[in-house]
There are 2 protein chains.
Amino acid sequence: MASYTEENYLKALYNLANPQGEVSISDLANSLNVSMPTANSMVKGLQKSDLVLYEKYKPVTLTPKGKKEAALVVRKHRLTEMFLVKKMGFGWEEVHEVAEQIEHIHAPKFFERMDEMLGHPTIDPHGSPIPDNQGRMQEFSYVPLSTCKPGQSVQLTALTNSSTEFLEFLNSRKLALGTELRILSREAYDLSVVVSYDSHAQETLSEKVSERLLVRILE
Amino acid sequence: MASYTEENYLKALYNLANPQGEVSISDLANSLNVSMPTANSMVKGLQKSDLVLYEKYKPVTLTPKGKKEAALVVRKHRLTEMFLVKKMGFGWEEVHEVAEQIEHIHAPKFFERMDEMLGHPTIDPHGSPIPDNQGRMQEFSYVPLSTCKPGQSVQLTALTNSSTEFLEFLNSRKLALGTELRILSREAYDLSVVVSYDSHAQETLSEKVSERLLVRILE
DNA sequence: CAAATTTGTTAGAATGATCTAACATATTAC
DNA sequence: GTAATATGTTAGATCATTCTAACAAATTTG
């Protein structure tokens with residue numbers, strides 16, 4: 001069984017994977033705040049346990065076994081976030097650190113009960129999909145707000161970044177998952193997007209923000 | 001801040017302490033399923049952090065600082081057990097293993113919310129007291145079993161006499177500190193008390209014995 | 001394409017938590 | 001009050017996870 005540390009490596013590999021499923025040693029080291037030699041030697045260990053594929057000077061890939069283990073950790077993380085928000089009155093911006101710890105608890109029944117109490121949710125409070133108990137993830141077709149055109153109506157469904165600062169920014173603008181936006185215009189000079197929603201008749205979102213907001217196109 | 005492992009040592013010392021607060025290295029090692037040299041070297045480390053008092057060949061004692069840290073871990077453990085039973089539908093017999101893990105989570109708000117949702121409980125599902133958020137344990141007033149009334153549930157908590165014979169008598173009846181007793185009846189002619197506990201459906205304790213058993217009334 | 005930069009690897013060491021073997025001290029029992 | 005037993009300590013090793021320093025390969029850039 002993977003250690004606490006190994007679980008964190010698996011999760012990072014899962015989250016950092018490019019469309020080919022590859023992660024560089026430097027991205028891995030960076031994301032876990034460890035040195036490259038550390039990441040390198042841990043990857044060799046994960047390879048011995050058949051959790052990753054790895055060749056010198058090549059990027060790392062999760063094996064099916066590693067991917068499933070990683071997905072189950074992610075499942076525990078996202079179920080926990082949902083539980084904290086829906087059942088324990090936490091704000092969505094403050095659940096990440098706690099979930100980072102609880103995701104390593106080994107107690108299937110604990111997470112099964114969360115799942116039942118939440119009615120088997122498929123997305124977490126930030127709109128990220130929750131893998132099922134076999135580690136399978138449902139597919140979504142989200143697009144970044146930055147790729148949408150004026151005149152379109154879209155619904156905010158997920159985020160590519162869940163940093164506290166970003167969530168606090170969204171709170172300050174009363175933007176939440178599920179909010180419906182109408183795209184008024186896109187400024188050519190700085191690529192910012194002007195939208196209206198609810199009581200906000202006109203709100204300008206910078207390119208940086210609009211790239212991180214994933215939306216479902218309504219019309 | 002104490003590591004996961006150190007927290008387990010502190011908790012064991014807290015739970016194993018005799019009335020003088022002392023714990024032998026062998027009891028400590030035994031309770032944690034580690035070798036004596038391991039316990040010995042960990043204790044030296046805890047001493048460096050001012051969490052225990054220790055002299056070669058002498059029993060170990062928690063410092064006030066160590067005792068407070070230990071009590072806060074115990075608090076998290078017992079609050080968690082209560083939460084699992086009352087809010088998540090667990091049976092009281094299956095919560096221990098999960099609580100052993102969750103007690104090490106560092107997230108004050110998580111446990112504060114549990115505490116609020118449970119209405120600030122003072123005992124856990126097994127009848128053990130829950131230390132407050134300053135690590136203080138409520139004091140219980142012990143009464144002799146001989147003064148209790150039929151129908152009451154009590155927990156054996158202390159003895160007025162610790163002679164070998166008395167302890168051996170208690171051992172022979174599988175009576176230990178912490179055992180919960182239900183008082184079935186009191187015989188008028190010899191003042192003996194009939195109790196049930198664990199697998200002992202019915203056990204008669206003489207007046208002499210029941211005067212020497214100090215119990216905490218549970219209900 | 002050669003130089004500069006980035007990325008990755010090896011070697012060697014440190015720390016925390018654990019072990020076994022061997023020895024020392026305390027306690028118990030005759 | 002010795003001898004036997006139980007308890008405690010030291011020394012030395014191992015394993016997981018981490019580091020820095022030095023070197024090697026791959027990629028980017030002029």
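Below, chains carry the letters A, B, ... as their sequence lines are ordered, and counting in each starts from 1.
Among the atoms of the strands shown, only primed sugar atoms or phosphate atoms (P, OP1, OP2) are found under 4.0 Å from some heavy atom of S24(B).
Y9(B) places its OH atom 4 Å from the P atom of dT18(C), with the value rounded to the nearest Å. We find that CG of L46(B) is positioned 9 Å from P of dA17(C), with the value rounded to whole Å. The OH-P distance, from Y4(A) to dT18(D), rounds to 11 Å in whole Å. When rounded to the nearest whole Å, the span between CG of D27(B) and C1' of dA26(C) equals 15 Å. In this structure, CG of N33(A) is placed 17 Å from P of dT17(D), rounded to the nearest angstrom. At whole-Å resolution of the value, NZ in K58(B) and P in dA26(C) are 9 Å apart. Between the CG atom of N8(A) and the C1' atom of dA16(D) there is a distance of 14 Å, given to the nearest Å. Atom CD of E7(B) is separated from atom P of dA17(C) by 11 Å (rounded to the nearest Å).
Residue K44(B) places at least one side-chain N or O under 4.0 Å from the OP1 or OP2 atom of dT10(D). In this structure, S26(A) does not reach the dT6(C) phosphate: none of its side-chain N or O atoms is under 4.0 Å from OP1 or OP2. Phosphate contact (OP1/OP2 of dA17(C), side-chain N/O of S3(B), threshold under 4.0 Å): present. The shortest distance between the side-chain N/O atoms of T5(A) and the OP1/OP2 oxygens of dT17(D) is below 4.0 Å. Residue T38(A) has no polar side-chain atom (N or O) positioned under 4.0 Å from OP1 or OP2 of dT17(D).
Set against dG8(D), dT20(D), dT18(D), the side chain of I25(B) has dG8(D) as its closest nucleotide. In the set dT18(D), dT9(C), dT25(C), dT25(C) carries the atom at the smallest distance from any side-chain atom of Y57(B). When the nucleotides dT18(C), dC19(D), dG8(D) are ranked by their closest atom to the side chain of P37(A), dC19(D) comes out on top. Out of dT20(C), dA11(C), dG8(C), the shortest distance to the side chain of M36(A) is found at dG8(C). Of the candidates dA17(C), dG8(D), dT20(D), the closest approach to any side-chain atom of S35(A) belongs to dT20(D). The nucleotide whose nearest atom lies closest to any side-chain atom of V34(B) is, among dT17(D), dT18(C), dG8(C), dT18(C). Side-chain proximity of M42(A) to the nucleotides dT9(C), dG8(D), dT18(D) is greatest for dT18(D). Minimum atom distance to the side chain of K56(A) is reached by dT10(C), of the listed dT10(C), dT18(C), dC19(C).
Across all their heavy atoms, V154(B) and L145(B) have their closest contact at CG2-CD1, 4.2 Å. Across every non-hydrogen atom of V43(A) and V52(A), the tightest pair is O-CG2, 3.7 Å.
Side-chain atoms of H120(B) and E116(B) include no donor-acceptor pair closer than 3.5 Å. H104(B) and N8(B) share a side-chain donor-acceptor pair at under 3.5 Å. Inspection of the N171(A) and W92(A) side chains reveals an N or O donor paired with an N or O acceptor under 3.5 Å.
For the pair K109(A) and F90(B), the distance from NZ or CZ to the six-membered ring centre is under 6.0 Å and the angle to the ring normal is within 45 degrees.
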